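This structure is a prediction, so every number in the text was calculated from the model and none was measured.
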Amino acid sequence: MTAEASNQARVIPAAVTAAPVLEEAKPPIGWIDFCPTHADDCEGQTLPAKKITLNAATWAELVRVNQQVNNDIEQVEDIALYGVSEKWTYPDEGKGDCEDIALLKRRMLMHDGLPRQALLMTVVRDETGAGHAILTVVTDRGDFVLDSKTSRIMGWEATGYGFIKRQSQEHPNLWVKLGEPAPSSLIVAGH
């Protein structure tokens, strides 16, 4: 673990808000194409929504997984890797793009015992306006983002991304539209 990640792992972050969930949305085509070859990730019963209790151990695990995957997986676009513009899969060969990296983080955290209902694949517009996939972690202290572009975990509002949709907490094949974070000029820091 890098010094930055080690420092981040020591302190549980301040509470942030939860992303506003709007109406149902269509799953991304990448998820639809992913499911036939990864049925275990897509099938299952509808379960009640859950939040992860964010304590020191859970926070350290989120930081560790985020850092490890970001360091271990070489980011390569789908077109260069597979010859197609969009393919969601696990980066088992050590290479993948943003959604592959988010899928791996989700799988690792679920393997560690965290509930799938709190580990949600999410589609956003990044700082350039391009589509980007991240993992949203729903906690009792708000929604946090694990991102392939940074090993710093932050609240969803702090990313600067435009939030489009994510998996529903109840079922991985149900997706929901998300509301945008408040403009930065409207965010008031607590004193």
- Query: Do we see a donor-acceptor contact under 3.5 Å between the side chains of W156 and T122?
  - Reply: no
- Which one of N173, T37, I32 satisfies the side chain to side chain contact (heavy atoms under 4.5 Å, CB included) criterion with C42? N173
- Assess R125 against Y161: is NZ or CZ under 6.0 Å from the centre of the six-membered ring, and within 45 degrees of the ring's axis? no
- Message: Between W31 and E99, does the side chain to side chain contact (heavy atoms under 4.5 Å, CB included) criterion hold? Intermediate values first, please.
- Response: CA-CA 9 Å; W31 180 260; E99 70 272 353; over 6 Å; no
- Item | Result of checking E170, R166, H171 against S168 for side-chain hydrogen bond (donor to acceptor under 3.5 Å, both in side chains) | E170
- After noting the C-alpha distance and the side-chain angles of L174 and Q167, does the key distance pass the side chain to side chain contact (heavy atoms under 4.5 Å, CB included) rule? CA-CA 6 Å; L174 298 176; Q167 290 175 305; over 6 Å; no
- Message: A side-chain contact here means heavy atoms from C-beta on lying under 4.5 Å apart; do C98 and I134 qualify?
- Response: no
- Query: For E86 and W88, does a side-chain donor sit closer than 3.5 Å to a side-chain acceptor?
  - Reply: yes
- Message: I'd like to know if K105 pairs up with D112 as an ion pair, taking the criterion as any Lys NZ or Arg NE/NH1/NH2 lying under 4.0 Å from an Asp or Glu carboxylate oxygen.
- Response: no
- Item | Cationic N near anionic O, under 4.0 Å, K149 to D126 | yes
- Ion pair check, R106 and D41, cut-off under 4.0 Å: yes
- Task: Determine, stepwise, if the pair V145 / F163 fulfils side chain to side chain contact (heavy atoms under 4.5 Å, CB included).
- Result: CA-CA 11 Å; V145 168; F163 281 69; 4.2 Å; yes
- Item | Non-neighbouring partners of K51 that pass side-chain contact (heavy atoms from CB on, under 4.5 Å), sequence neighbours left out | V138
- Item | R107 and D40 ion-paired at < 4.0 Å | no
- Side chains of T58 and N55: donor-acceptor distance under 3.5 Å anywhere? yes
